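Notes follow once the structure below has been shown.
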Amino acid sequence: MNAGLLLIAIVAVLAPVMSRGLATWVRIPVLVFELVLGIVVGPAVLGWVHPDEVLTVLADFGLALLFFVAGSEIDFAGIRGRPIIRAGLGWLVSLALGLAVGIIVAGDDAAVIVAICLSSTALGTLLPILRDAGELQTPFGRAVSAVGAIGEFGPLVAISLFLSARRPLGAALVLIGFVVVAGGVILYAMLGRHGWLHRVVQATLHTSTQYAVRVLVLILVALAVLSIALELDMLLGAFAAGVIWRLLMRNAGEEEREQVETKVEALAFGVFVPIFFIYTGVTFDLQALFADWRVLVLVPIFLIVLLITRGIPVQAAAPPGATRRDRLSLGLLGATGLPIIVAATSTATEQGFIGSGLAAALVGAGMLSVLIYPLIAMSLRGDVEPEDAVEYMTDG
């Protein structure tokens, strides 16, 4: 235990209070407050919290849980076929456009990193917004889910291939091996009914055993450790773990699934995910952002480019009969990115692929995208109430 962890806990409590306090005038996502307050208490401003090993481990687990939740909330039955295929084609276009932008802005060495960031979508942030707005099961919601699933899984594969310590061919072979192992577990989860698991989960939902939470943490840690051992991105394992958990629980009773989901959300969004976002603010290199005016100018440029490189190609996944408002909303939500940007820039900075200035500009653009794009997108949805559409963003 240290003072830094205590301050992060205080910030985690203050952030939603501040978000709700300003909700009368402007609705700002709670994670933006977590990031900003993290910057304030971090070395860049007050210097009260400094990076250390304990906080790094807790933040990494929070990021893993964020991707676990994203994987567990994807309705693959609803997005299979046309939505996921078109979303995949759109992502390839986004990656190509991002690569072109990266070559122009950052040069050949950093182009892949820029492309990964500009082709990402923050599915973990978008799914709760869609769920609270009652949009998850609508054609529009399924289109966003497909775009987000590809927008997280695609960049994770790209990170594992191009930011691995191995050569691309070796990394690809290792990635195939991981897919085989994870695919085998997924197949087992799909084919079995797992009645014994559901019975044990049901029997321990309100006891100190909490078997469901223990099992999902085991699956998450096991696949994350496997990813790390294979020198792949940890988040690839976390995402796959979420998919496996959803399949394991698919035949459980509805009430039982809802209670388990509540516990997972409490663990993720009540504890570890806030630590990740606050710690991201603590480690954010604010000095690098303001040290060179050219780096600062890149923030709004990347924000606009993100809307172009991601918002336009995702139109391929728009549902049949989509209106102009639907398409604009889909583009804005598809261009909402932050967790992948943080993960990619952190890894790339540590390995020397990009400088801290470029990383700060990309993360800054990601922060603004989460702040601006979902609010505009859900306001354009004429069939949902604005209060419902942004409930997650103000309540966390």
Side-chain angles (χ1 to χ4, degrees), residues 1-23 27-70 122 124-125 128 208 210 213-214 216-218 220-221 224-225 228 234-235 238 262-290 338-339 341-343 345-347 349-350 356 359-360 363-364 366-367 370-371 391-396:
M1 285 293 188
N2 55 35
L5 185 57
L6 173 61
L7 286 169
I8 285 180
I10 293 173
V11 168
V13 172
L14 288 178
V17 173
M18 297 173 67
S19 180
R20 290 185 66 86
L22 292 177
R27 292 183 173 90
I28 301 176
V30 67
L31 64 88
V32 173
F33 283 96
E34 292 166 352
L35 287 163
V36 172
L37 290 175
I39 293 173
V40 171
V41 300
V45 182
L46 297 177
W48 292 348
V49 181
H50 295 272
D52 64 32
E53 186 175 350
V54 173
L55 295 178
T56 299
V57 171
L58 293 175
D60 286 345
F61 190 68
L63 180 59
L65 266 176
L66 183 65
F67 278 78
F68 175 91
V69 172
T125 302
S208 59
Q210 294 296 323
V213 177
R214 299 186 188 206
L216 72 86
V217 170
L218 172 61
L220 170 60
V221 173
V225 168
I228 295 172
M234 171 192 69
L235 301 182
T262 299
K263 294 177 184 295
V264 175
E265 289 174 357
L267 182 67
F269 298 108
V271 184
F272 291 101
V273 173
I275 293 177
F276 160 69
F277 282 116
I278 296 167
Y279 193 65
T280 297
V282 170
T283 57
F284 183 72
D285 196 341
L286 192 64
Q287 183 178 358
L289 187 63
F290 288 98
L338 183 63
I341 296 176
V342 171
T345 53
S346 298
T347 303
T349 303
E350 291 173 1
S356 57
V363 173
M367 291 169 60
V370 170
L371 170 62
E391 181 181 345
Y392 166 73
M393 303 180 73
T394 54
D395 288 352

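Please read these numbers as outputs of a predicted model, since none were measured by experiment.
- Side-chain contact check for F277 versus L338: some heavy-atom pair is nearer than 4.5 Å.
- When every heavy atom of V45 is checked against every heavy atom of L286, the shortest pair comes out as CG2-CD2, 4.3 Å.
- Two residues are said to be in side-chain contact when any heavy atoms from C-beta on lie closer than 4.5 Å; V264 and L216 meet this criterion.
- Side-chain atoms of S346 come within 3.5 Å of backbone atoms of V342 as a donor-acceptor pair (strictly under, hydrogens ignored).
- For A268 against V69, the heavy-atom pair with the smallest separation is CB-CG2, 4.0 Å.
- Of all heavy-atom pairs spanning L235 and A343, the tightest one is CD1-CB, 3.7 Å.
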### Query
Taking it one step at a time, do V49 and L55 satisfy side chain to side chain contact (heavy atoms under 4.5 Å, CB included)?
CA-CA 10 Å; V49 181; L55 295 178; 3.9 Å; yes

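- At least one side-chain heavy atom of L289 sits under 4.5 Å from a side-chain heavy atom of F284.
- Counting only heavy atoms from C-beta outward, the side chains of L58 and I8 never approach each other to under 4.5 Å.
- Contact between M234 and A64 at its shortest, heavy atoms only, is CE-CB, 4.2 Å.
- When side chains are defined from C-beta on, V217 counts as touching V213, because their heavy atoms get closer than 4.5 Å.
- Two residues are said to be in side-chain contact when any heavy atoms from C-beta on lie closer than 4.5 Å; P51 and Y279 meet this criterion.
- In this structure, V282 and P43 approach most closely via the heavy-atom pair O-CD, 3.3 Å.
- Residues F272 and L63 fail the side-chain proximity criterion, which asks for heavy atoms closer than 4.5 Å.
- Taking all atoms of both residues into account, the shortest heavy-atom contact from T345 to I341 is OG1-O, 2.6 Å.
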### Task
Take V11 and F33 through the test side chain to side chain contact (heavy atoms under 4.5 Å, CB included) and record every step on the way to the result.
CA-CA 9 Å; V11 168; F33 283 96; over 6 Å; no

